[in-house]
Structure formats: C-alpha cells, structure tokens
Amino acid sequence: MSEHPIFKQQSSYHWTVEHQGRSAELHYEQAGFQSGWAVYSGNHLVERCAELMQARRVAAALVTRQAELQAA
C-alpha cells in the first residue's frame, strides 16, 4: 500500500483518489460562471472548488484523514 494518495484520471471531467482503502471522487460540474470541481465521498458532496489542484488537495486531505481515523 502506498503511503501517499493515488490519483487516477477516469476522464477529462472525472478523477478518483485512493489511500489505504479509502476513496473520493472529483467531478467537473458545468454550471455557467459557477462551473468547477466537486469533491465527493460516496454520494456526499464534501466541497466545491474552482480549480482542479484545489480539489485534489481537498480530496487528498479527506482520504488521508479517513484512513487515519480508520487506523485509530
């Protein structure tokens, strides 16, 4: 198992991140001037982000924190 989150690009508008059995998804959602990236944990919206790199940081922090809580 990797000690760092692993990102996989599913398509131009969909990424997944996995870390120690935990996962999250990033989806680009088009909504005119409010378009951006949404980070999901299962069906739960965690946060909306304007940029992909911001969404990646949120997703990495989410799965890392979930893995830490699971290990405790």
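Index from 1, following the sequence. Predicted model, so just to flag it, every value in this text is computed and none were measured.
- For Glu51, the CD atom counts as loosely surrounded, since its 6.0 Å shell holds 12 or fewer non-hydrogen atoms of other residues, nucleotides or ligands.
- Between Leu62 and Ser41, the shortest heavy-atom distance links the atoms CD2-CB, 3.9 Å.
- With sequence neighbours left out, the side chain to side chain contact (heavy atoms under 4.5 Å, CB included) criterion links Ser11 to Tyr13, His14.
- Partners of Glu18 under the side chain to side chain contact (heavy atoms under 4.5 Å, CB included) rule, at least two apart in sequence or in another chain, are Lys8, Ser23.
- Counting heavy atoms from C-beta outward, Val46 and His44 have side chains that approach closer than 4.5 Å.
- Side-chain contact between Trp37 and Trp15 is present, with at least one heavy-atom pair separated by less than 4.5 Å.
- A 4.5 Å side-chain heavy-atom check between Ile6 and Val17 finds every atom pair outside the cut-off.
- Rounding to the nearest 0.5 Å gives a distance of 11.5 Å between CD of Gln20 and CD of Gln66.
- Scored by the side chain to side chain contact (heavy atoms under 4.5 Å, CB included) test, Leu45 finds Ala38, Tyr40, Arg48 as partners (sequence neighbours excluded).
- Exactly one residue among Glu25, Gln9, Gln10 makes a side chain to side chain donor-acceptor pair (under 3.5 Å) with Thr16. That residue is Gln10.
- A donor-acceptor pair under 3.5 Å links the side-chain atoms of Ser35 to the main chain of Gly32, judged by distance alone.
- Closest approach of Ala55 and Val39 over heavy atoms only: O-CG2, 3.6 Å.
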Show the numbers, then the answer: is there a side chain to side chain contact (heavy atoms under 4.5 Å, CB included) between His19 and His4?
CA-CA 7 Å; His19 182 61; His4 301 288; 5.6 Å; no

